[in-house]
Number of protein chains: 2
Amino acid sequence: MKGKQNTKDIILQTATRLFQRQGYNGTGLNQIIEESGAPKGSIYYHFPNGKEEIAIEAISMMRKLVLEGAEKDLSGKSSAAEAFEYYLDNVAAIFDARECIDGLSIGLIASETAFTHERLRYSCEMVFKDFQTLYAGILMQYGFKRESAEEIGITIAAMIEGACILSITYQNGSPIRRIAKQLSLLLTMNQE
Amino acid sequence: MKGKQNTKDIILQTATRLFQRQGYNGTGLNQIIEESGAPKGSIYYHFPNGKEEIAIEAISMMRKLVLEGAEKDLSGKSSAAEAFEYYLDNVAAIFDARECIDGLSIGLIASETAFTHERLRYSCEMVFKDFQTLYAGILMQYGFKRESAEEIGITIAAMIEGACILSITYQNGSPIRRIAKQLSLLLTMNQE
DNA sequence: GTCTATAGTGCGATAGAC
DNA sequence: GTCTATCGCACTATAGAC
């Protein structure tokens with residue numbers, strides 16, 4: 001029963017896409033309803049706490065998508081440098097190919113809500129920490145020491161987040177490809 | 001006559017601060033008027049094209065502040081690594097000390113408006129390119145070759161932008177300090 | 001240059017029928 | 001679970017007095 005799409009999931013998927021493109025403040029509940037084609041009256045049935053609840057679940061969905069994708073791309077390569085090169089090449093392709101950036105970059109929501117919606121800020125903080133942990137874990141798999149891996153994990157998270165913003169602004173994936181090269185270099189040298 | 005603050009400047013300074021904290025969509029004209037204490041009727045006199053015009057000038061103000069600060073911090077050091085360490089240490093201090101992040105990070109406005117307000121997106125793209133150019137120029141001053149400097153310039157821009165998002169989300173400057181260390185390493189190795 | 005008043009729209013949220 | 005109607009509010013923007 002995996003293909004089954006209930007109303008709640010449809011709302012959530014549309015909301016996730018819109019939040020990433022337009023941000024939390026730029027996306028209205030009306031627009032979510034219209035574009036999802038979901039029944040208009042159902043939104044407060046599925047999300048009793050309104051917009052903020054939708055956003056929290058949307059963040060959780062982005063987290064799941066990114067972590068799964070990253071974990072898959074980063075595994076089974078012959079070095080950390082090669083793993084992240086492969087991963088970032090896939091990320092760059094997303095920015096080139098689609099206007100849709102499903103599952104990428106929660107930086108927009110994070111910076112919008114950091115000063116104004118504590119619960120959303122906290123959700124984003126947890127996701128960023130998950131990213132760092134994932135990257136650090138991958139690095140340790142490729143032989144990095146824990147301390148070094150954690151230090152570089154946060155650097156990778158920052159680089160990728162920043163490169164996504166540049167790519168969104170430039171409307172193509174080239175910034176991601178450029179940082180991929182430098183990251184590869186950084187990983188190669190830290191390995192020694 | 002430098003200390004003279006006219007109404008237009010007051011509006012612009014308040015708008016710049018609010019846009020950085022809450023984003024373009026999260027900041028209303030009413031709030032700008034209230035917090036600036038500027039005369040309520042004057043906003044469409046000084047900015048006939050409304051909110052978008054204020055934002056464009058605010059972006060231009062952020063650009064000026066960041067470029068001036070960065071140029072000052074990055075000059076006259078004995079190596080590129082040392083220059084960026086000094087610069088990023090100052091940036092990190094801003095996130096630690098103040099709740100106000102004047103002149104930093106246009107990434108929020110950039111990602112909010114990339115799909116929806118073409119003129120704002122374009123303004124942000126130009127600022128990012130200025131950052132890259134500045135960083136590349138600094139690197140060349142410290143002996144990097146042009147091609148390499150441009151490649152690393154975009155990487156630095158991405159790292160800093162991403163680290164600012166993490167710092168805003170975590171509500172302290174530690175992510176910036178962490179990437180500073182890795183950047184320093186990257187610069188040292190590229191130099192050879 | 002400044003101020004008031006208000007038009008016109010869209011928002012998030014609620015109540016209640018079905 | 002769904003739908004309609006509507007409340008109250010905030011927003012951008014404009015018109016016109018001073």
Side-chain angles (χ1 to χ4, degrees), chain A residues 1 3-59 108-109 112-113 115-121 123, chain B residues 1 3-59 108-109 112-113 115-121 123:
Chain A
M1 292 307 145
K4 186 66 192 333
Q5 291 275 51
N6 59 32
T7 299
K8 184 170 179 176
D9 287 341
I10 293 172
I11 292 174
L12 210 46
Q13 277 167 25
T14 307
T16 301
R17 179 171 49 83
L18 291 174
F19 282 147
Q20 284 183 111
R21 285 174 61 90
Q22 308 171 343
Y24 181 75
N25 294 314
T27 304
L29 295 185
N30 293 342
Q31 193 187 8
I32 295 173
I33 289 304
E34 276 164 30
E35 298 207 9
S36 68
K40 213 168 188 175
S42 63
I43 203 162
Y44 278 94
Y45 173 78
H46 293 294
F47 304 93
N49 293 325
K51 192 179 181 180
E52 188 167 286
E53 184 175 353
I54 300 180
I56 288 177
E57 295 209 27
I59 291 169
L108 169 51
I109 299 177
E112 261 185 311
T113 60
F115 296 101
T116 51
H117 297 77
E118 173 55 22
R119 295 178 60 191
L120 293 180
R121 185 204 66 77
S123 295
Chain B
M1 290 308 150
K4 186 66 190 333
Q5 291 275 51
N6 59 31
T7 299
K8 185 171 180 177
D9 286 340
I10 293 172
I11 292 174
L12 210 46
Q13 276 168 25
T14 307
T16 301
R17 179 171 49 84
L18 291 174
F19 281 146
Q20 283 184 111
R21 287 174 60 92
Q22 309 171 342
Y24 181 75
N25 293 315
T27 303
L29 296 184
N30 293 341
Q31 193 186 7
I32 295 174
I33 288 304
E34 275 165 30
E35 298 207 8
S36 68
K40 212 167 187 177
S42 64
I43 202 162
Y44 278 93
Y45 172 79
H46 293 294
F47 303 93
N49 293 325
K51 191 179 181 180
E52 189 167 284
E53 184 175 353
I54 299 180
I56 288 177
E57 295 208 28
I59 291 169
L108 169 51
I109 298 177
E112 261 185 311
T113 60
F115 296 101
T116 52
H117 297 77
E118 174 55 23
R119 295 178 60 193
L120 294 180
R121 184 204 66 77
S123 295

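Worth saying up front: this structure is predicted, and the values here are computed from it rather than measured. The chains referred to below are lettered A, B, ... by the order of the sequence lines, with proteins before strands, and numbering in each begins at 1.
- Following rounding to the nearest Å, N30(B) (CG) and dA10(D) (P) show an atom-to-atom distance of 9 Å.
- With rounding to whole Å, E53(A) atom CD is found 14 Å from dG12(C) atom C1'.
- Identified under the salt bridge (charged side-chain N to carboxylate O under 4.0 Å, His left out) test for residues 44-56 of chain B, with sequence neighbours left out: E52(B)-R119(B).
- For F47(B) and dT12(D), the CZ to P distance is 14 Å, given to the nearest whole Å.
- Applying the ring-ring contact (aromatic ring centres under 6.0 Å, His included) test to Y24(B) and every residue at least two apart in sequence or in another chain returns F19(B), H117(B).
- Annotation: cation-pi pair K8(B)/F47(B) present, NZ/CZ under 6.0 Å from the ring centroid and within 45° of its normal.
- The interatomic distance linking K8(B) (NZ) with dT2(C) (P) rounds to 12 Å, in whole Å.
- N25(A) has its CG atom 18 Å from the P atom of dG10(C), to the nearest Å.
- Each of dT2(D), dC3(C), dG1(C) was ranked by its minimum atom distance to the side chain of H46(A); first place goes to dT2(D).
- Here dG1(D) presents its C1' atom at 17 Å from NZ of K40(A), a figure rounded to the nearest Å.
- With sequence neighbours excluded, no residue satisfies ring-ring contact (aromatic ring centres under 6.0 Å, His included) with H46(A).
- Checking the phosphate oxygens (OP1, OP2) of dG1(C), no side-chain nitrogen or oxygen of T7(B) falls inside 4.0 Å.
- Judged as a salt bridge (charged side-chain N to carboxylate O under 4.0 Å, His left out), the pairs with a partner in residues 26-41 of chain A (not counting sequence neighbours) are, in order, R17(A)-E35(A).
- Taking atom CD1 of I33(B) as the reference point, atom C1' of dT12(D) lies 12 Å away to the nearest angstrom.
- For Q31(A) and Y45(B), each mapped to the nucleotide of DNA chain C holding its nearest heavy atom, the one lying further toward the 5' end belongs to Y45(B).
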Reading nucleotides 13-18 of chain D from the 5' end, what letters show protein touch, with B for base, S for backbone sugar-phosphate only, - for no heavy atom under 4.0 Å? BB----
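- Residues forming a side-chain hydrogen bond (donor to acceptor under 3.5 Å, both in side chains) with T27(B) (at least two apart in sequence, or on another chain): Q22(B).
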